[in-house]
Amino acid sequence: MTIIEKRQQIEDAILTLKKLQDEATFEETPEIVEAIVKLTVKKELLVMSEWDNFTLEITDDDFKKLREAKAAIEDTTITEQEKTEKVKKGIAIGKKILGVLKIL
Amino acid sequence: MKKEFISYLLLVSILVIGCSIPAKVKTGSTEIVAAQKKFVEENNRFYDAILSTVSDHVEVTKSYLNEKIQTQISGLPKLYLDKMLKDRKKDKKAGDTATVILSTEDQLLIINTTMKSQETLLNEYHLAVDTLNERKKKIEVVINILKKFQGEIFNAMKSLDTYIQLQKFNEVLWEDTKNLIGGKNDKIDSLIKTIDSLNNN
């Protein structure tokens, strides 16, 4: 994956987390806020030599769940329960990202 | 973008210096003196350009992160209050039309969570600023060493019979300086070793 693609991946993750933040519960929100800020900082501070080794360490399937959660928020055709389930999965990925960022 | 610009700047500078130096010039000729002078001048301009670019980059990044994080921090009290109200509304039984009133516990939870989050985000910002300042300082230190070394190179040049070695030296400098943008300690150590090694040879 190129640096541009990695950067784009981080930006996508930030945008998705911002959407998920709106849907998160009070309890879930602090971690989402923290993940957004940590990703924002990471994106700005990574230097060339570090980009080579950097990965969000989330799978394609995780990203798929993130995108599904983001889409579900705006989807008017699905039930409230379906929406909640997808958002929950997205928030879980957000927490996973935060977990990875905390150990970097 | 800035980093890409630095790489570009370094590469162009090396190419300009490399191309402008003849492959073989006899020691002591007027060409060698002119080439040596040009080498020092070009390199010094190149180092000044790095310092200026790094300094701009650090300030722009600090300002960007400050704005982003401050916006996030100032929005936290309302964000958490709204979240709590939303959650409590969801907790209400069907048909209950009474206005949601937050308990003292809820209010305290909002205040504590807000303060904790603000502290976390502020820490994140301060860490980022420290990293940027440290990175800038390291680059300044190395550039100053390199600038100082220019005089020594200039003198050492008299014993070199070709400029190929000089070009190789510049390539090493280019690689080390490029990595230095990352501000890693081991890179500085490696650069100093390279300088020492070249100086002794």
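All chains are named by letter (A, B, ...) in the order of the sequence lines, taking the proteins before the strands, and each is independently numbered beginning at 1.
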* **Trace of the side chain to side chain contact (heavy atoms under 4.5 Å, CB included) decision for A/I14 with A/K43** => CA-CA 10 Å; A/I14 291 172; A/K43 182 166 70 78; 4.0 Å; yes
* To do: Go through B/E134 and B/K138 one step at a time and tell me if the salt bridge (Lys or Arg N to Asp or Glu O under 4.0 Å) criterion holds.
  => CA-CA 6 Å; B/E134 197 183 323; B/K138 281 177 186 171; 3.3 Å; yes
* Asked: Heavy-atom distance under 4.5 Å to chain B: side chain of A/Q21, backbone, both or neither?
  ->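 Both parts, backbone and side chain.
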Measure the spacing between [atom1] of [X] and [atom2] of [Y] and express it to the nearest 0.5 Å.
| X | Y | atom1 | atom2 | answer |
| --- | --- | --- | --- | --- |
| A/E68 | A/K86 | CD | NZ | 5.0 Å |
| A/T16 | A/K65 | OG1 | NZ | 14.5 Å |
| A/L15 | A/K70 | CG | NZ | 5.5 Å |
| B/I101 | B/Q107 | CD1 | CD | 10.0 Å |
| B/L51 | B/D56 | CG | CG | 11.0 Å |
| A/I10 | A/K42 | CD1 | NZ | 8.5 Å |

* To do: Begin from the C-alpha positions of A/K95 and A/E28 and carry the test salt bridge (Lys or Arg N to Asp or Glu O under 4.0 Å) through to its verdict.
  => CA-CA 9 Å; A/K95 287 183 180 180; A/E28 290 164 337; 5.1 Å; no
* To do: May I ask you to list the residues in residues 81-88 of chain B that approach chain A closer than 4.5 angstrom, counting heavy atoms only, ordered by number?
  =>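 Heavy-atom contacts from residues 81-88 of chain B to chain A are B/K83, B/M84, B/K86, B/D87.
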* Heavy atoms under 4.5 Å from chain A: which residues of residues 110-119 of chain B carry them? ->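 Answer by number: B/I110, B/T113, B/S117.
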* Side chain / backbone / both / neither for B/Y64 at chain A, heavy atoms under 4.5 Å ->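 Contact with chain A: side chain only.
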* **Heavy-atom pair with the smallest gap, counting every atom of A/G94 and A/L17** =>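 Heavy-atom minimum between the residues: CA-CD2, 3.5 Å.
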* Asked: Judged by modelled atom types alone, do A/Q8 and A/D12 share a side-chain donor-acceptor pair under 3.5 Å?
  ->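 Yes, because at least one side-chain N or O of A/Q8 sits under 3.5 Å from a partner of the opposite role on A/D12.
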* Between B/L132, B/L121, B/T120, B/L76, which residue shows the highest count of heavy-atom pairs closer than 4.5 Å to chain A? ->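 Of the candidates given, the most pairs with chain A belong to B/L121.
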